[in-house]
Amino acid sequence: MELRQLRYFVCVVEEGGFTRAAARLHLTQPGLSAQIRQLEKELGQPLLDRTGRSVTPTEVGRVVLPYARAALAAAESVRQTVDAYTGLLRGRVTLGLVSGATGHAFDIAALLADFHDAHPAVEVALTEDATERMLAALLAGELDIAILGTAEEVPPPGAAFQTVIDVPLVAAVAPGDPVLDRVDGTSVPLAELRDRPLICLPRGTGVRTALERGCAQAGFRPRVAFEAAAPHVLSRLAARGLGIAVVPAGEDGSPLDGHLRTLRIVRPEMRARIVLAWQSGGPASPAARVLLDRLRDVVPKPPAS
């Protein structure tokens, strides 16, 4: 039995199949399958059930899984102990990023490139997903760090936040829209958007949660006609007259699209927040802690509203 075979077994269980596990491990699928079968042969029991649509551990595999993870963690601890004496940082960091979260706040690609130059032995896995799923993955230990949108001012138990962006939500309205005839100035009461086709981010995002809470406070349910994962797409749909986009205000207060008029939504005011999130006790691995410290140093602090 070899450590790499245990690592392959754990990866197949985590990915739910050989194809995704092989891609993650940078192996061919037949080669990965052969290694798992060799492990099963040595143990004398099948560890994986291959009969369903996804690969799942057998009863024996479920019992073996925590021991396999413990063996891999012990081996990693030995490696980290040696690295502490040599000054070398290695390991794997999982970073979640909500689509469109960073905007112009900071250049995540440049930051990760600098981190890789400083720590070439660290593998960084970057994934995009909705806020709700990433927060759940963070609390479960499946993500080390996340940059996500939230409607909350206070993090949930077990998590810590550092605010990156905190701006009001605005209505991005195309010229000629009837709502412009009923407003005076640069703001619009949320009640004016009742029964109007709205364009917003999907459920599970901070902006959508803020919109739904604000509408509930105003006494109605939002009529969302179009959804898209990126704010700039929402403004383009609004520019074509498909509805009123509810989007974060531009970071410098300017409209997101030159063809749209932006009105700050009031009564109630709603805000879009992007936060850097991690488990309240800090990431488990030294590599993740170093990356988190780097992120906390470079992400801009939002201006006072």
Side-chain angles (χ1 to χ4, degrees), residues 2-15 17-32 35-36 68-129 134 137-148 159-162 164 274-301:
E2 299 179 9
L3 277 174
R4 64 189 176 96
Q5 292 174 327
L6 296 178
R7 181 162 62 92
Y8 297 165
F9 164 62
V10 170
C11 187
V12 172
V13 172
E14 290 178 347
E15 296 295 336
F18 284 91
T19 301
R20 291 191 298 273
R24 175 174 151 185
L25 293 166
H26 307 293
L27 297 173
T28 64
Q29 184 174 333
L32 175 59
Q35 288 292 327
I36 296 296
R69 284 177 166 149
L72 294 172
E76 181 63 22
S77 296
V78 171
R79 185 178 294 110
Q80 290 174 4
T81 299
V82 174
D83 292 344
Y85 283 95
T86 62
L88 177 65
L89 189 69
R90 71 170 80 223
R92 186 172 190 266
V93 181
T94 53
L95 173 63
L97 178 67
V98 70
S99 180
T102 57
H104 301 291
F106 63 101
D107 187 342
I108 189 67
L111 189 149
L112 292 178
D114 291 343
F115 180 80
H116 177 72
D117 288 343
H119 308 288
V122 176
E123 175 189 355
V124 178
L126 183 64
T127 183
E128 285 191 337
D129 207 340
M134 286 200 299
L138 183 75
L139 294 174
E142 298 167 7
L143 285 177
D144 295 307
I145 307 165
I147 299 170
L148 46 82
F161 286 171
Q162 177 176 319
V164 179
I274 300 297
V275 298
L276 179 65
W278 62 93
Q279 284 194 355
S280 54
S285 74
R289 291 196 293 269
V290 171
L291 179 57
L292 175 61
D293 288 343
R294 175 63 177 156
L295 286 167
R296 296 190 69 187
D297 286 341
V298 301
V299 295
K301 306 299 186 294

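The chain is numbered in sequence order, starting from 1. The figures that follow rest on heavy atoms only: side chains count, while hydrogens, waters and symmetry mates do not. On a predicted model such as this, the values are computed, not experimentally measured, just so you know.
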Task: From CG (Leu27) to CZ (Phe18), nearest 0.5 Å - done: 12.0 Å
TODO: Just do the side chain to side chain contact (heavy atoms under 4.5 Å, CB included) check on Trp278 and Asp144 with the steps written out, would you?
DONE: CA-CA 6 Å; Trp278 62 93; Asp144 295 307; over 6 Å; no
- [ ] Supply the atom-to-atom distance Cys11 SG to Leu6 CG, rounded to the nearest 0.5 angstrom.
- [x] 13.0 Å
TODO: May I ask you to decide whether Arg92 forms a salt bridge with Glu76, counting only side-chain N to carboxylate O separations under 4.0 Å?
DONE: no
Open item on the list: Can you tell me how far apart CZ (Arg24) and OH (Tyr8) are? Round to the nearest 0.5 Å.
Closed with: 12.5 Å
Task: Which atom of Thr94 lies closest to which atom of Glu142, heavy atoms considered - done: OG1-O, 3.3 Å
- [ ] Please step through side chain to side chain contact (heavy atoms under 4.5 Å, CB included) for the pair Leu143 and Met134, ending with a clear verdict.
- [x] CA-CA 7 Å; Leu143 285 177; Met134 286 200 299; 4.0 Å; yes
Open item on the list: To the closest 0.5 Å, what do you measure between CG (Leu291) and CD1 (Ile145)?
Closed with: 4.0 Å
- [ ] Check Leu25 against Arg7 and note the closest heavy-atom contact, atom names and distance.
- [x] CD2-NH1, 3.4 Å
TODO: Scan Leu148, Ile147, Val164 and name whichever one has a side chain to side chain contact (heavy atoms under 4.5 Å, CB included) with Val275.
DONE: Leu148
TODO: Indicate yes or no for a side-chain donor-acceptor contact from Gln279 to the backbone of Leu138 under 3.5 Å, with no hydrogens or angles considered.
DONE: yes
Open item on the list: Looking at every heavy atom in both Leu32 and Ala22, which two are closest together, and how far apart are they?
Closed with: CD2-N, 3.6 Å
Open item on the list: Could you report the tightest heavy-atom contact between Ala68 and Val10, atom names first, then the distance?
Closed with: CB-CG2, 3.9 Å
Task: Heavy-atom pair of closest approach, residues Asp114 and Arg294 - done: OD2-NH2, 4.3 Å
Task: Closest heavy-atom pair and its distance - Val290, Phe115 - done: CG1-CE1, 3.8 Å
